[in-house]
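This report refers to the structure that appears directly beneath it.
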Protein chains: 2
Amino acid sequence: MISRERILEAAARVYAKHGFRGATTRLIAIEAGVNEVTLFRTFGSKGALLEAVLGSNRADVVQPHLPDEPQDPAAELLEFVNANLEHVRELRPLLIHTMGEIDERPEAAEFACRGRRMVHDAIVSYLRKLQQRGMADQDADVEVAAVVLTGTVMSDAMARSIVPDVYPPREHAAERYVSCFLRMIGGRKAVAAPVKKSRTRSA
Amino acid sequence: MISRERILEAAARVYAKHGFRGATTRLIAIEAGVNEVTLFRTFGSKGALLEAVLGSNRADVVQPHLPDEPQDPAAELLEFVNANLEHVRELRPLLIHTMGEIDERPEAAEFACRGRRMVHDAIVSYLRKLQQRGMADQDADVEVAAVVLTGTVMSDAMARSIVPDVYPPREHAAERYVSCFLRMIGGRKAVAAPVKKSRTRSA
DNA sequence: CGAGAATGCAAGTATCTACTTGCTTACTCC
DNA sequence: GGAGTAAGCAAGTAGATACTTGCATTCTCG
């Protein structure tokens, strides 16, 4: 018995390369090693098949998260950014096409925005905790900082293959992004007593 | 006499909505208000038409630039970021599809990376000048800072329509991005004498 | 082992798509 | 006004595509 899963995986690979219109049932059948008619017997139509691809993809994957009790922002953010880079890199091929197909297919729209708000909110929440504990500057714009962080991750994951020499080497990228990010928010480790210290500049 | 330009513009609009495969010659002809055969008489083939679209699009547009002599980083970067946001927003519909079609069409690959390196290098160069003049921290990672800035712009331009409430309101976005960016690099206005001052932190 | 279900195979259908062809009409310019 | 060119119209071609149908083969399980 042909695994429904096997067809879904093959369809995802073909969709990732060719997009909706380019993912012909013939290509998908070949990729899955099944007869074309089996696709229709299993899923009913190409649209339903590809909808199932987007619906099942990542449905149960745990989103990277940040700790409730910040201890070491540098280490914690590094782990978070690394996980996020991995995550978005994996999704990239699907994301590229869903972003372009939003107007034509609702499931593409849903897929393209999945989890983005959650990641943003998680970072904002974390940054607020840092501020409360004196581990980040009080006047840092945490909403925009979160946008900057997710934007950088997205840019690296989506565009590195297009302009590779612009991005830092993969093995150091997260580290360097976090380092710059911490400068932006005045991030630091917890100190014995909350030190009320705000940076002043002539700008 | 039908303007070749008119066909190109219509084709760009159709391509921006539907991608390469979805931009049928029928749709393009309707959009341009010409007979389908005219497309072939003018351009020879659909591929050549859409190649011409990507080749002509932005061929002569001036890239946003930064001044050779920095005076006021906040103002200069604000202008630069605003211009870049505009620029990438305009290109978004075409970018979305070209990014997904890179493997299949060389002109899509060329289009997707056009200007990106230049923008990156311009920012790096500018930041270096800031450092030389004591207007930015000596230890700021200017390469990554440039990546962060272009990544933020790209993220805003590409994904705002998908998760709108995550991004700051449009009229204030550039201002807030620049503000955070300046914090990251320790950016400030020129002072009377270069002050050698590096920030130390407990992190 | 046999029945039922799953899958393959081959042929086919209807529609779409890029593109061509031949003739007609409209436009431009000398 | 007439010649040449540009563009429209209609019909058509060949190939691609999602999908269906009928029969045959293979697989699974009681």
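We name chains A, B, ... by the order of the sequence lines, and we start the count at 1 in each one. From a predicted model like this one, the values you see are computed outputs, not experimental measurements.
Residue Asn35(A) has no polar side-chain atom (N or O) positioned under 4.0 Å from OP1 or OP2 of dT7(C).
Atom CG of Leu39(A) and atom C1' of dG8(C) are 12 Å apart (whole Å). Between His18(A) atom NE2 and dA18(D) atom P there is a gap of 12 Å when expressed in whole angstrom units. Leu27(A) has its CG atom 12 Å from the P atom of dA16(D), to the nearest Å.
Between the Arg160(B) side chain and the Met158(B) main chain, no donor and acceptor come within less than 3.5 Å of each other. The backbone N or O of Asp137(A) sits less than 3.5 Å from a side-chain atom of Gln131(A), completing a donor-acceptor pair. Proximity of a side-chain donor or acceptor of Arg117(B) to a complementary backbone N or O of Val166(A) within less than 3.5 Å is not detected.
Applying the salt bridge (charged side-chain N to carboxylate O under 4.0 Å, His left out) test to Glu51(A) and every residue at least two apart in sequence or in another chain returns nothing. In this view, Glu76(B) satisfies the salt bridge (charged side-chain N to carboxylate O under 4.0 Å, His left out) rule with no residue, not counting sequence neighbours. The salt bridge (charged side-chain N to carboxylate O under 4.0 Å, His left out) test applied to Arg21(A) returns no partner, not counting sequence neighbours.
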Show each protein N/O and nucleotides 22-26 of chain D N/O combination with a separation under 3.5 Å, one pair to a line.
| unit_1 | atom_1 | unit_2 | atom_2 | d |
| --- | --- | --- | --- | --- |
| dG22(D) | O6 | Arg41(A) | NH2 | 3.4 |

Identify each atom pair where a protein N or O and an N or O of nucleotides 16-19 of chain C are less than 3.5 Å apart, giving names and distance.
| unit_1 | atom_1 | unit_2 | atom_2 | d |
| --- | --- | --- | --- | --- |
| dT17(C) | OP1 | Arg21(A) | NH2 | 3.0 |
| dA18(C) | OP1 | Lys46(B) | NZ | 2.8 |
| dA18(C) | OP2 | Thr25(B) | N | 2.8 |
| dA18(C) | OP2 | Thr25(B) | OG1 | 2.9 |
| dC19(C) | OP2 | Lys46(B) | N | 2.6 |

Solution key, residues 38-45 of chain A side-chain donor-acceptor pairs under 3.5 Å, sequence neighbours excluded:
| unit_1 | atom_1 | unit_2 | atom_2 | d |
| --- | --- | --- | --- | --- |
| Thr38(A) | OG1 | Asn35(A) | O | 3.2 |
| Thr42(A) | OG1 | Thr38(A) | O | 2.6 |
| Ser45(A) | OG | Ala48(A) | N | 3.1 |

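Inspection of the Asp68(B) and Tyr126(B) side chains reveals no N or O donor paired with an N or O acceptor under 3.5 Å.
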